[in-house]
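Naming convention: chains lettered A, B, ... in sequence-line order (proteins, then strands); numbering from 1 in each chain.
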Amino acid sequence: MSLTPRTPAGTIRSDQVGRDVDLYGWVHRRRDLGGLIFIDLRDRSGIVQVKFDPVNAQAHSAGGELRPEWVVHLKGPVQRRPPGTENKELPTGEVEIEARAVTILNRAQPPPFAVNDDSPVDEQVRLRYRYLDLRRARMARNLQLRHRLTKAIRDFLDAEGFLEIETPVLIRSTPEGARDFLVPSRLKPGYVYALAQSPQLYKQLLMVAGMDRYFQIVRCYRDEDQRADRQPEFTQLDLEMSFVNEDDVLDVVERCFAHVWQKVLGVTVPMPIRRITHADAMLRYGVDKPDLRYGLEIEELSSSFDKTEFKIFRQALDAGGVIRGLRIPRSVGAKEIEALTEVARAEGAKGLAFWHREAEGWRSPIAKFFGERELVDLQAATKAEPGDVVVAVADQVEIVSAALGAVRKAAARTLGLVKEGAFEFVWVTDFPLFERSKETGEITAAHHPFTSPRPQDLERLASEPLKVQARAYDLVLNGTELGSGSIRIHDPELQQRVFQGLGISREEAEQRFGFLLTAFRYGAPPHGGFAYGLDRVVMLAAGQETIREVIAFPKNQQAEELMTDAPAPADPKQLRELGLELVRPPLKRPQ
RNA sequence: GGCCCCGUGGUGUAGCGGUCCAACAUGCCUCCCUGUCACGGAGGAGAUCGGCGGUUCGAAUCCGCUCGGGGUCGCCA
């Protein structure tokens, strides 16, 4: 039995009136008026109303049995709806199908939650019955958006001369970065692969191979804790280019975003995307991924208070710290200030100083500690207007940045200063090459160990490594880091020096990255690239709060896939084949 | 591992020491209804309030532990 020709339900318009159509789909909703019965028939394309008239006895009696989510084949003519009964809410609202023949292809149990509306449902239930959840309009829309967005990316990069090339998923484990998922080797007992965290090294080797411009839409795996925007397996748009500098990479990436936003959302992204240095972002926004949908820039106030006698400020300055503040262009109640203070404290600040700007001057519990000149300076620095509130933190620079960055975000959200529906892209450039691990105190790569230092910083590599800046850049959208990239090292000697800066000895580097260093000795072109989280991009484009909403079958916070109950206890036979033995038996999970 | 929030018929919520063998909406079942579109009307079934323990004359409600879910910090080169 061939199921063609099918007519997609959502595509039927009045110009098809009189034509006989074959519809295949799900019963979305049923309205039984006693005589006449209407159902909305749903398929991927949308919804169309079907009429069951008692005149068509067979169809009408079958129609009376139908329930939501039953699968049916309907045959009948497209009819114009009687005047006054059109539904302007539906694209198909001018027409209806008169069912002349009905075949019930499958009955359905009542679903555990309503498929035919968008009412909130516990996410655990949604994930357990994901195939039902995906029938709902919002999820169907998200997956269709994801498809169109992915296709727009491919079309654009293809037109720009990029080749899509697949790289291995089962790769050698490298201890840097995120925790690896390990896959034991059956053929070499005791040996393991790692699932690729990213195609980083392979794409650089593709440049050495002369592929010139590469991209890949690629699944990546990281065994870390989950978040609203983090899954153990996620998809990256990964690209790499030869014979380029920073501007070439940024140009391609931002034109790609402009193309995609125009094509998929009909939104024009102003070009070029603005750029801000990492140092500037930390100073003005307190974070390296600023949300520019609102202002609230952080102001340097240290010099305004350089002679202050206010003990808390004095001590911070004397200890080499800074005082910075934020003008909130709105009156803020005591409760809200208390909440913002808590936000600042959570980031390590000892408190939050605040002044209410009034018509005649400043009102503040700490007003008496400040002289005329300081308040004039405060006014000049913040340009506060009557009704505004200025908050400030005094401490070491890292704490001040973190605290005010968090206060800025919290204030924007609670006071409704965020421009909804806006897409504010920004490049963050000139990242440091290294950073000191908070945990171990060791120097680690801020981006990854293959990132090129700026040429003018090369002589500081050994002497002042933390002052070396990298040829690295991040792309940020609405305060979410989409991804990052860099110009890579292509000189084996420079690569060795950076490894040494990271505390990796020559021998160790040869052992772990020998293939890369060897490759670089056979003529590596200068190259650089970028990678971003496709799930995050789709999430933001679709206006969703988590990437789970744009992934067909995502995992929960325990990294479980609830529909199939993965992961599952290991089969002893499989373990034997792999030469593995469990040290700890699997815990039983109560239902 | 830390912190925060949430677990009440299938689903979403209300109830926050007795008036609750738990209420409302929706879904489900039966009946009525020939222009509905979240159709309407009448009736019915359906939860021992995540679990265990405690406080109390009395617990959905208070306390402790625990299980489950989410957010977040750490972590994510």
K.L.:
Suppose you measure atom C1' in G53(B) against the same atom in A14(B); what distance do you get, rounded to whole Å?
P.N.:
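My reading of the C1' atoms in G53(B) and A14(B) gives 28 Å.
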
K.L.:
Is Q558(A) close enough to G70(B) that one of its side-chain N or O atoms is under 4.0 Å from OP1 or OP2 there?
P.N.:
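Yes, within the criterion.
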
K.L.:
Roughly how many Å is it from CD in E69(A) to C1' in G10(B), rounded to a whole number?
P.N.:
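In whole Å, G10(B) C1' and E69(A) CD are 14 Å from each other.
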
K.L.:
Determine, for E246(A) against R471(A), whether the closest basic-nitrogen to carboxylate-oxygen distance falls under 4.0 angstrom.
P.N.:
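Salt bridge between E246(A) and R471(A), a charged N being under 4.0 Å from a carboxylate O: yes.
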
K.L.:
Could you encode protein contacts along nucleotides 35-48 of chain B as a string, one character per nucleotide from 5' to 3', using B for base contact, S for sugar-phosphate-only contact and - for no contact, with a heavy-atom cut-off of under 4.0 Å?
P.N.:
BBBSB---------

K.L.:
If you check every side-chain atom of P68(A), which of U72(B), G68(B), C28(B) has the closest atom?
P.N.:
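That would be C28(B).
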
K.L.:
Would you mind telling me which of G69(B), U30(B), U11(B) lies closest to the side-chain atoms of V121(A)?
P.N.:
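Of the options given, the side chain of V121(A) lies nearest U11(B).
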
K.L.:
Does the pair K75(A) and E98(A) meet the rule for a salt bridge (charged side-chain N to carboxylate O under 4.0 Å, His left out), with working shown?
P.N.:
CA-CA 8 Å; K75(A) 235 175 162 50; E98(A) 182 180 292; over 6 Å; no

K.L.:
Would you please confirm or rule out a distance under 4.0 Å between OP1 or OP2 of G71(B) and any side-chain N or O of R548(A)?
P.N.:
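For R548(A), the contact criterion (side-chain N or O under 4.0 Å from OP1 or OP2 of G71(B)) is met.
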
K.L.:
Distance check needed: G10(B) C1' versus Q124(A) CD, whole Å only.
P.N.:
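Spelled out: CD on Q124(A) to C1' on G10(B) is 15 Å.
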
K.L.:
Under 4.0 Å between a Lys/Arg side-chain N and an Asp/Glu carboxylate O for R179(A) and E224(A)?
P.N.:
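Yes, charged N to carboxylate O under 4.0 Å.
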
K.L.:
Check the pair R536(A), E549(A) against salt bridge (charged side-chain N to carboxylate O under 4.0 Å, His left out), reporting the backbone distance first and the verdict last.
P.N.:
CA-CA 10 Å; R536(A) 289 183 186 180; E549(A) 300 297 312; over 6 Å; no

K.L.:
Return the orientation label for the F431(A) and H278(A) ring planes: parallel under 30°, perpendicular over 60°, tilted otherwise.
P.N.:
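Judged by the thresholds at 30° and 60°, the geometry between F431(A) and H278(A) is tilted.
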
K.L.:
Side chains of S486(A) and R488(A): donor-acceptor distance under 3.5 Å anywhere?
P.N.:
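A pair is found: one side chain offers a donor N or O, the other an acceptor, under 3.5 Å apart.
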
K.L.:
Which nucleotide sits closest to the side chain of P110(A): C28(B), G74(B), G71(B)?
P.N.:
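Closest nucleotide among those given: C28(B).
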
